[in-house]
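Here is how names work: the chains are called A, B, and so on, in the same order as the sequence lines, proteins then strands, and each is numbered from 1.
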Amino acid sequence: MQRIKDLPKRVGEEVVLRGWVMNARSSGKIAFLQVRDGSGVVQAVASRAELSELAWQNVQQVSQETSIRLTGTVSEDPRSPSGVEIHLSDLEVLHLSEEFPISKKEHGTGFLMDHRHLWLRSSRQRAAIKIRSEVAQAIRDFHYERDFVLIDSPILTPAACEGTSTLFETDYFGEQAFLSQSGQLYLEPAAAVFGKVYCFGPTFRAEKSKTRRHLMEFWMVEPEVAFLEFEGLCDLAEEFISYLVARVLDRGAEELEVLERDTSKLEAATSPYPRITYTQAVETLKKAGVSIEWGEDFGGDDETILAEQFDRPVLVTHYPTALKAFYMEPDPENPELALALDVLAPEGYGEIIGGSQRIHDHDLLKKRLEEHDLPLEAFQWYLDVRRYGTFPHSGFGMGIERFVAWVCGLKHLRETIPYPRMLNKIYP
RNA sequence: UCCUCGGUAGCUCAGUGGUAGAGCGGUCGGCUGUUAACCGAUUGGUCGGGGGUUCGAAUCCCUCCCGGGGAGCCA
């Protein structure tokens with residue numbers, strides 16, 4: 001059994017393939033089948049004169065998405081979309097597909113989302129999911145090559161992580177439990193075990209967000225490093241994004257072409273990124289005519305305006321403490337500022353990374369928990385990190401769907417994950 | 001939650017007070033190099049649900065349901 005991606009190496013040989021018919025064109029005594037097997041797409045040419053009566057009948061009856069087993073000879077042919085094609089000597093129908101709901105013509109988003117399990121078979125969707133898979137592998141490789149240890153943080157958690165966002169609630173043997181919205185708090189104790197750790201898994205937000213930048217369930221990668229301070233964190237974030245972009249450009253070239261992505265816009269993102277402070281960002285926005293005052297957070301449009309100033313991702317640092325999470329370390333030179341970092345992707349894709357140096361002083365962290373009205377007893381284990389050999393440490397989180405949307409040039413996050421969980425929508 | 005646009009054939013849509021339409025898909029027929037093939041024929045409807053106005057409603061009004069886009073929040 002051969003796979004389509006290996007066919008260029010088998011010119012002149014007879015091969016057997018199993019796969020699905022994407023399209024069939026018949027012309028009386030010759031027919032063309034576009035066949036997909038998961039590794040690629042190839043055109044099979046059927047000539048009536050060269051086939052048995054049964055095989056020719058089979059060729060005539062195949063419908064879109066019919067599963068087949070074919071036998072034929074590989075040949076080079078410039079008239080074939082992939083450069084090689086197969087001259088059929090036999091074709092067996094494994095299952096004659098019913099009328100496939102997704103035709104070659106246009107469809108609306110709602111219809112496609114209802115048929116997500118079938119929509120995935122189309123070429124653009126395959127390309128996006130393949131790149132997601134490559135990105136996930138690159139994330140693991142990046143950390144593995146740098147001696148990070150994988151810490152799988154729990155998905156069922158007893159209390160709100162940051163105390164702000166809406167969480168999905170569930171019952172845990174009579175106790176209240178929540179689906180995790182971040183693994184960070186569980187990562188910090190582990191940083192005291194291995195020094196460099198990361199988690200990578202699904203996270204859940206029950207916010208009623210209804211935009212192209214939000215999903216209810218998304219995958220987040222979060223590194224956390226002991227004794228890493230803020231400047232080092234910025235370097236790590238930059239190195240990380242550069243690594244992932246270079247990897248996609250290298251190994252996802254074919255898929256980026258299917259997606260018609262302008263890769264020149266990604267090339268710049270493999271070298272150093274500009275860094276500006278929140279205060280500088282506010283000045284930039286004011287000059288651009290945005291009505292914003294120091295101390296206000298950026299909206300989606302503001303992020304786009306900021307990102308448009310550069311041809312590559314930009315690091316925005318030193319946000320006002322009031323805008324950020326309770327655990328972020330204050331800037332020693334100005335306690336009103338937090339050692340916080342956001343990375344904004346170009347082309348309007350918005351925030352892809354959020355991170356910070358963490359508060360490592362026990363009393364300050366305790367004070368912040370009280371200021372945010374968070375229950376101290378629930379965070380006792382988290383405070384313990386600051387009681388037994390505390391240490392400066394930093395980390396960030398990256399939502400991989402936003403990263404994939406950016407590198408693929410996709411408008412909406414729903415196409416970057418196989419089965420998106422959207423507001424009020426959980427089928428299929 | 002708020003703003004906004006929409007729901008008519010399997011799909012994408014037109015029809016804005018007077019007999020329910022087109023393209024694509026499907027089906028049948030034709031065609032020996034097709035590239036979303038092409039040509040001919042054909043099939044296909046609870047006009048989102050309920051109520052109201054009218055001689056007459058897909059069309060106007062009320063209400064509910066569902067979907068798209070956006071805001072806020074965030075990754």
Applying salt bridge (charged side-chain N to carboxylate O under 4.0 Å, His left out) to A/Glu401 and not counting sequence neighbours gives A/Arg132
Sorted by chain and number, sequence neighbours left out, side-chain hydrogen bond (donor to acceptor under 3.5 Å, both in side chains) with A/Ser47 holds for none
Inset, instruction - Could you tell me whether A/Lys367 and A/Glu370 have a side-chain N and a carboxylate O separated by less than 4.0 Å? - result: no
Separation of B/U34 atom P from A/Glu85 atom CD, nearest Å, is 12 Å
In this structure, OG of A/Ser180 is separated from CZ of A/Phe204 (nearest 0.5 Å) by 7.5 Å
Checklist entry - When you look at A/Val385 and A/Leu365, which way does the side-chain contact (heavy atoms from CB on, under 4.5 Å) test go after all the steps? => result CA-CA 11 Å; A/Val385 178; A/Leu365 183 62; over 6 Å; no
Heavy-atom contacts, protein to nucleotides 20-26 of chain B, under 4.0 Å, summarised as B (base), S (sugar-phosphate only) or - (none) per nt, yield ----SSS
Between CD1 of A/Ile30 and P of B/G30 the distance, given in whole Å, is 17 Å
Between CG of A/Leu112 and P of B/C11 the distance, given in whole Å, is 11 Å
Expressed in whole Å, how much space separates the C1' atoms belonging to B/G17 and B/C2? 35 Å
Within residues 267-279 of chain A, those residues having any heavy atom closer than 4.0 Å to RNA chain B are none
Interatomic distance, CZ@A/Arg213 vs CZ@A/Phe218, rounded to 0.5 Å, equals 14.5 Å
So side chain to side chain donor-acceptor pair (under 3.5 Å) across residues 7-19 of chain A, not counting sequence neighbours, yields A/Arg10-A/Glu13
pair_partner(B/C28), Watson-Crick or wobble, both distances < 3.5 Å, evaluates to B/G40
| Which value, in whole Å, describes the distance between the C1' atoms of nucleotides B/C47 and B/U19? | 15 Å
Task: Mutual orientation of the aromatic rings belonging to A/Trp406 and A/Phe403 [parallel < 30°, tilted 30-60°, perpendicular > 60°] - done: perpendicular
Please write out each protein N/O paired with an N/O of nucleotides 1-9 of chain B under 3.5 Å, distance rounded to 0.1 Å.
from	atom 1	to	atom 2	distance (Å)
B/U1	O4	A/Lys208	O	3.2

CZ (A/Arg140) and CZ (A/Phe200) are apart, to the nearest 0.5 Å, by 5.5 Å
Of the candidates B/C74, B/G33, B/A71, the side chain of A/Thr211 sits closest to B/A71
So, A/Phe32 and B/G33: ring centres less than 5.5 Å apart, planes less than 30° off, yes or no?
no
Is any NZ, NE, NH1 or NH2 atom of the basic residue among A/Arg275 and A/Glu231 found under 4.0 Å from an Asp or Glu carboxylate oxygen of the other?
yes
In short, ring pair (Phe, Tyr, Trp, His ring centres under 6.0 Å) pairs touching residues 407-428 of chain A with sequence neighbours left out are none
pair_partner(B/A57), Watson-Crick or wobble, both distances < 3.5 Å, evaluates to none
Whole-Å distance, A/Ile352 CD1 to B/C74 P, equals 18 Å
With the criterion being N/O to N/O and under 3.5 Å, what pairs connect the protein with nucleotides 41-45 of chain B, and how long is each?
none

B/A20 and B/U8: how far apart are their C1' atoms, nearest whole angstrom? 9 Å
Regarding the side chain of A/Leu215, the nearest nucleotide among B/C31, B/A75, B/G33 is B/A75
Base, sugar-phosphate, or nothing: which does A/His107 touch, judged by heavy atoms less than 4.0 Å apart? sugar-phosphate
So salt bridge (Lys or Arg N to Asp or Glu O under 4.0 Å) across residues 415-428 of chain A, not counting sequence neighbours, yields A/Asp114-A/Lys425
Practice item. Decide, yes or no, whether a salt bridge links A/Lys130 with A/Glu254 under the criterion of side-chain N to carboxylate O below 4.0 Å. Key: no
Mind checking whether A/Phe326 and A/Phe379 have ring centres under 6.0 Å apart?
-> yes
Between CE of A/Met422 and P of B/C74 the distance, given in whole Å, is 20 Å
- request: Could you work out the separation of B/U43 and B/U63 based on their P atoms and round it to a whole Å?
  value: 42 Å
**Item:** Same-atom distance (C1') from B/C39 to B/C31, integer angstrom
**Value:** 9 Å
- Query: When you measure from the centre of the six-membered ring of A/Phe142, is the NZ or CZ of A/Arg146 under 6.0 Å away and within 45° of the axis?
  - Reply: yes
Under a 3.5 Å threshold, yes or no: a donor from one side chain and an acceptor from the other, between A/Ser75 and A/Asp77? no
Regarding the side chain of A/Ser27, the nearest nucleotide among B/C31, B/G69, B/U34 is B/C31
Next item on the list: Between B/G56 and B/G18, how far apart are the P atoms? Round to whole Å, please.
Entry: 15 Å
ask   = Do you see a donor-acceptor pair shorter than 3.5 Å between the side chains of A/Gln137 and A/Arg247?
value = no
- request: With heavy atoms under 4.0 Å as the rule, sort A/Phe111 into base, sugar-phosphate or nothing.
  value: sugar-phosphate
To the nearest angstrom, the CD-P distance between A/Gln61 and B/G29 comes to 13 Å
Scanning all shown strands, the Watson-Crick or wobble mate of B/C73 with both distances under 3.5 Å is none
To the nearest angstrom, the CZ-P distance between A/Arg213 and B/C74 comes to 13 Å
RNA chain B nearest-nucleotide lookup for A/Gly299 and A/Ser47: closer to the 5′ end is A/Ser47
Original post:
Across the strands shown, which category fits A/Thr203 at heavy-atom distances under 4.0 angstrom: base, sugar-phosphate, nothing?
Top reply: nothing
**Span that lies between the P atom of B/G6 and that of B/C60, in whole angstrom** = 11 Å
Taken to the nearest whole Å, NZ/A/Lys29 to P/B/U32 is 5 Å
Residue pairs passing the salt bridge (Lys or Arg N to Asp or Glu O under 4.0 Å) test with at least one member in residues 48-65 of chain A, sequence neighbours excluded, are A/Arg36-A/Glu65, A/Glu65-A/Arg121
Here the salt bridge (Lys or Arg N to Asp or Glu O under 4.0 Å) pairs for residues 340-359 of chain A, sequence neighbours left out, are A/Glu224-A/Arg358, A/Arg261-A/Glu347, A/Lys324-A/Asp342
By the Watson-Crick or G-U definition, both distances under 3.5 Å, B/A22 is matched with B/U12
Residues in residues 398-416 of chain A with a heavy atom under 4.0 Å of RNA chain B, by number, are A/Arg402, A/His412, A/Leu413, A/Arg414
Checklist line | C1' gap between B/C11 and B/U16, integer Å | finding: 24 Å
